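Predicted model, so just to flag it, every value in this text is computed and none were measured. Quick note on labels: first sequence line is chain A, next is B, and so on, each numbered from 1. Values below: every heavy atom of this structure, side chains too, minus hydrogens, waters and symmetry copies.
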Amino acid sequence: MTRRPLLVAWRAMAGWRWPMLALVLICLGLTPLAMQPQPQWRDWGSSPADTRVQLQTRGHFLPGSQFEVRLSGPQTALAGRQVAVRGAVPEPIAMAVDGGGHDGQSVANSRLLLPRDITGVLIVELSKVGDDPGSAVSWEIGFVLPR
Amino acid sequence: MSVTARTWFRLHSWMGLKLSIAMSFILVTGTLAVFSYELDWLLNPQMRVMPAAETQRVSWGALYDSARSAYPGAPLLALSASRDPWWAAQAVFNTPSGGLVRVWIDPYTAQYQGYTGWFNIQRFLRQAHRHLMMPAAIGIPLVTLFALPLMAALVTGLVVYKKFWRGFFKWPRFGRPARIWLGDLHRLGALWSIWFIVIIGLTSIWYLAEKSLGAAAPSFSPAVKPLPRAAAIPADFDGARLDRAVALARRANPDLQVYHISFPRRPHDHLAIQGQATALLVRDRANAVYIDPLDLTLTGSHRGEDLTTHQRLSELADPLHFGTWGGMAVRIVWFVFGVILSGLSVTGIYIYGLRVVSGPARSASQTAAQVVMK
């Protein structure tokens, strides 16, 4: 096979080649979205920032699952907080919440890859009291499927 | 070549060329999809088991208990066993995130073998081929519309190829220039694929009608609905109860070979025990026995033969389109003809380019006509 006949055919597809190619490219472009498991967010409501919060969910979390906590609230209420995940593992798995935000509100995301099976009750603990005790912090929690 | 024949040929050439990129993609993904499960099987050791005698298979209840203990607390949606002895049984669970995960169990020892995520090669090929990864409401009509030019290419090709019935045993002239032997090969492949193009084209048109034009068959509904319970699956439901349910299903339909069990998702859903029986060319769900998981009473059953013509047509489409109606041998045939069909799309492009490149003195259609008419 030489390239020239293919080039000729390609040119002859004028008017249709880009729409047809677009269909294929859209398909391939959408594939990572289908592959990438999206976190399913569960709203845990809000709690006063000066309260030590424990959230529980029951289940069997397979190794490779990702666990994500999203907090929103005033920057001062979020700064320096730690989130710990505990389950059937000997030590709490801690992750720092990185603050940031705008318009007086801050959203902190923290993602953790579970290193092993966690069976039973999973406890998510907001362990450090913020600097702004009167502000409420909203919680959302997300689990990402193993690939 | 008469003006009419030339018009038919131009139509054949125009469709084949202009739509070739997307058409080739759909044909290639569909061809690979025939063996998509096997591709996953090759890549994931947890899906493989050492074949043993059919009599050594453990009960469905043992599979259930094993799957439950592997992934406690999560809702179990379905349990299925393959017809091929080298496959692990599959349990599909809902995860805490609302997604799906596949848990694999050895059907001869009931041992947990591991898990895989929901998205795999099979899902990629299915979604790419079926709706180009787009939302199904947009993608399915888009893809299935390609069945129309596919069927039109068959008709126009046969009209242009005079006395085509003489061409079934014309071996391509490989010693001649590429334009000649590729044209011969294109025609030979197309002739032997007529039946396959008709099956794929008609089933795709059916999918278009079913999914986009409101021609879907009514779903199967058991006669009696179970009374609502506290939970979708009763708390004390275990493998022993599932075995009793399967035994009940086999009494209700003695011909039933169970391949799939759907577990209730809502507190008033049935346990659905599905598989193959005496009806030909139907999906597993066409033969089903419905059971109330709370008290194990029969709430309904149907066989493939009980379905209405409309439902039967709907059931027919998948086994015919996928080639899953006759075991591995049929799937090999489907794969081979899928390769040929994909090859027709690709060789068509190249032949077009060749005849334009090698025949500058003559008009494209004249040159093409000579190639085609030989």
Side-chain angles (χ1 to χ4, degrees), chain A residues 1-42 57-68 87-88 114 117-122 141-147, chain B residues 13-26 29 69-75 93-101 103 114-120 123-124 127-129 131-135 138-139 142-143 146 178-179 182 346 348-358 364:
Chain A
M1 271 197 181
T2 62
R3 282 166 54 193
R4 196 158 165 241
L6 289 176
L7 198 64
V8 167
W10 171 253
R11 286 185 184 139
M13 290 175 202
W16 286 80
R17 63 187 172 211
W18 292 115
M20 292 295 113
L21 200 58
L23 286 179
V24 175
L25 293 177
I26 286 171
C27 175
L28 297 177
L30 288 174
T31 301
L33 278 182
M35 285 171 69
Q36 177 63 47
Q38 299 299 309
Q40 302 283 320
W41 292 103
R42 194 179 297 172
T57 184
R58 182 175 288 278
H60 180 93
F61 302 92
L62 298 163
S65 296
Q66 286 184 28
F67 177 82
E68 190 163 336
L114 294 186
D117 286 36
I118 295 180
T119 306
V121 178
L122 183 71
I141 191 164
F143 297 99
V144 188
L145 271 174
R147 292 281 293 278
Chain B
S13 182
W14 185 88
M15 282 184 305
L17 189 70
K18 299 286 189 186
L19 306 178
S20 58
I21 295 173
M23 180 73 91
S24 300
F25 183 78
I26 293 167
T29 50
S69 60
Y71 201 3
F93 283 96
N94 244 150
T95 63
S97 65
L100 299 167
V101 69
V103 166
Y115 71 91
T116 55
W118 178 250
F119 195 85
N120 54 14
R123 291 306 304 176
F124 165 72
Q127 290 174 221
H129 177 70
H131 47 90
L132 298 171
M133 292 283 169
M134 296 176 192
I138 301 168
L142 257 176
V143 169
F146 276 83
R179 197 183 73 177
L182 259 180
V346 176
I349 302 169
Y350 199 66
I351 291 167
Y352 177 90
L354 277 175
R355 71 181 162 80
V356 173
V357 169
S358 59

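For B:Trp14, the CH2 atom counts as densely surrounded, since its 6.0 Å shell holds more than 12 non-hydrogen atoms of other residues, nucleotides or ligands.
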Kindly indicate, with the supporting measurements, whether the criterion side-chain contact (heavy atoms from CB on, under 4.5 Å) is fulfilled by B:Phe146 and A:Leu23.
CA-CA 12 Å; B:Phe146 276 83; A:Leu23 286 179; 4.2 Å; yes

Kindly determine whether B:Leu19 and A:Met13 satisfy side-chain contact (heavy atoms from CB on, under 4.5 Å), including the steps that lead there.
CA-CA 8 Å; B:Leu19 306 178; A:Met13 290 175 202; over 6 Å; no

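The side-chain heavy atoms of A:Arg4 and B:Leu354, taken from C-beta on, include no pair separated by under 4.5 Å. Taking the side chain as every heavy atom from C-beta outward, A:Ile26 and B:Leu132 never approach each other to under 4.5 Å.
Of the inter-residue distances, the one linking A:Trp10 atom CH2 with B:Ile349 atom CD1 reads 10.0 Å to the nearest 0.5 angstrom. A distance of 6.0 Å separates OH of B:Tyr350 from CG of A:Leu6, quoted to the nearest 0.5 Å. Summarising the geometry, atom CZ belonging to B:Arg123 is positioned 12.5 Å from atom OG1 belonging to A:Thr31; distances are rounded to the nearest 0.5 Å.
Listed by chain and number, the residues in a ring-ring contact (aromatic ring centres under 6.0 Å, His included) with B:Phe93 are B:Tyr71 (sequence neighbours excluded). Every side-chain contact (heavy atoms from CB on, under 4.5 Å) that A:Leu25 has, sequence neighbours left out, goes to A:Leu21.
Contact tally against chain B (heavy-atom pairs below 4.5 Å) for A:Gly29, A:Cys27, A:Ala22, A:Ala14: the top residue is A:Cys27.
When atom types are taken as modelled, the side chain of B:Lys18 and the backbone of A:Ala12 share a donor-acceptor pair closer than 3.5 angstrom.
No part of B:Ile26 comes within reach of chain A, as not one of its non-hydrogen atoms sits under 4.5 angstrom from that chain. B:Ser20 touches chain A through its side chain: at least one heavy atom from C-beta onward sits under 4.5 Å away, while N, CA, C and O do not. A:Leu28 touches chain B through its side chain: at least one heavy atom from C-beta onward sits under 4.5 Å away, while N, CA, C and O do not. Neither the backbone nor the side chain of B:Ala178 comes within contact range of chain A, judged by heavy atoms closer than 4.5 Å.
For the residue pair A:Met20 and B:Ala22, the shortest heavy atom distance occurs at SD-CB, 3.5 Å.
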